[in-house]
Asks: 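So that we are looking at the same thing, I have put the structure below in structure tokens.
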Amino acid sequence: MQLREMNLDDMDEVMRIEQSVHAHPWTRGNFTDALNSDSVCMVYENGEEMLGYVVLLPAVDELQLLNISIAAGHQRKGMGSRLLGEAMQIARGMNIRRMLLEVRTSNVAALGLYCAAGFSEIGLRRGYYPADNGREDAIVMECVL
Ligand SMILES: CC(C)(COP(=O)(O)OP(=O)(O)OC[C@H]1O[C@@H](n2cnc3c(N)ncnc32)[C@H](O)[C@@H]1OP(=O)(O)O)[C@@H](O)C(=O)NCCC(=O)NCCS
């Protein structure tokens with residue numbers, strides 16, 4: 001497995017994964033905006049295929065985890081944990097000691113991943129996300145690295 005920077009040539013595959021694993025996926029524009037910003041956008045691959053990706057936004061002394069996704073056929077094999085571990089290493093390499101994220105209250109898989117990695121709940125944003133039936137709350141989580 002290897003980690004490399006995402007680029008515009010990855011967009012078709014990133015969008016294929018994004019649309020297949022999220023009920024409310026990012027748009028292509030969200031990813032291109034991230035690529036054109038200060039965000040750190042990384043692709044995780046095994047030489048043959050893309051396994052997943054992560055988008056991180058550094059803000060002074062914090063790193064916000066904006067998106068982490070593993071392709072449907074590769075989930076529950078420890079890839080998400082490894083990719084999150086790589087993201088934490090990136091943060092440490094930038095001398096950042098705190099990671100933050102928001103997660104849907106219904107996202108059991110992501111909540112399990114983050115708790116296992118040492119994140120803890122520090123707040124709730126009511127109605128933060130669009131949902132099929134109105135809005136959904138976000139749990140705010142942090143991890144001190
Ligand atoms: C969240 C996600 C990245 C996890 O990736 P993954 O490779 O499947 O996760 P791992 O195999 O490393 O699992 C790590 C831990 O997460 C939890 N977990 C992962 N999938 C789970 C599921 N479907 N149900 C419950 N817990 C789950 C477990 O605690 C798991 O540890 P365990 O296997 O020892 O029980 C993946 O499910 C995904 O891409 N989901 C869609 C995108 C998304 O919701 N991203 C997060 C918000 S941006």
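Counting from 1, the numbers follow the sequence of the chain as shown. One-based numbering, in listed order, for ligands and for the atoms of each.
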Asks: For atom 18 (N) of ligand 1, find the nearest protein heavy atom and state the residue, atom name and distance (0.1 Å precision).
Replies: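 Its nearest protein heavy-atom neighbour is Ala109 O, 3.6 Å.
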Asks: When you compare ligand 1 with Ala110, is there at least one nitrogen or oxygen pair between them that comes in under 3.5 angstrom?
Replies: no
Asks: Any non-hydrogen protein atom below 4.0 Å of atom 34 (O) of ligand 1?
Replies: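 Flag for atom 34 (O) of ligand 1 set to false, no protein heavy atom closer than 4.0 Å.
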Asks: Where does Tyr114 meet ligand 1, judged by heavy-atom distances below 4.0 Å: at the side chain, the backbone, both, or neither?
Replies: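 Answer for Tyr114: side chain.
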Asks: If you measure every N or O of Ile70 against every N or O of ligand 1, does any of those distances drop under 3.5 Å?
Replies: yes
Asks: Who pairs with Asn30 by side-chain contact (heavy atoms from CB on, under 4.5 Å), at least two apart in sequence or on another chain?
Replies: Trp26, Thr27
Asks: Is there a donor-acceptor pair under 3.5 Å between the side chain of Asn46 and the backbone N or O of Met1?
Replies: no
Asks: What I'd like to find out is whether the side chain of Leu56 reaches to under 4.5 Å of the side chain of Gln64, using heavy atoms alone.
Replies: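 They are not in side-chain contact.
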Asks: Applying a 4.0 Å heavy-atom criterion (strictly less than), which segment of Lys77 is in contact with ligand 1: side chain, backbone, both, or neither?
Replies: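 The answer is the backbone.
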Asks: I'd like to know if the side chain of Arg135 reaches the main chain of Tyr128, judged simply by a donor and an acceptor atom lying under 3.5 Å from each other, with no hydrogens or angles considered.
Replies: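 Pair found, side chain donor or acceptor close to backbone of Tyr128.
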Asks: Is Asn67 in polar range of ligand 1, meaning some N or O pair under 3.5 Å apart?
Replies: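 No, Asn67 has no N/O under 3.5 Å of an N/O on ligand 1.
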Asks: Output yes when the distance from some N or O of ligand 1 to some N or O of Asn107 is under 3.5 Å, and no in every other case.
Replies: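 For ligand 1, there is an N or O atom that lies under 3.5 Å from one belonging to Asn107.
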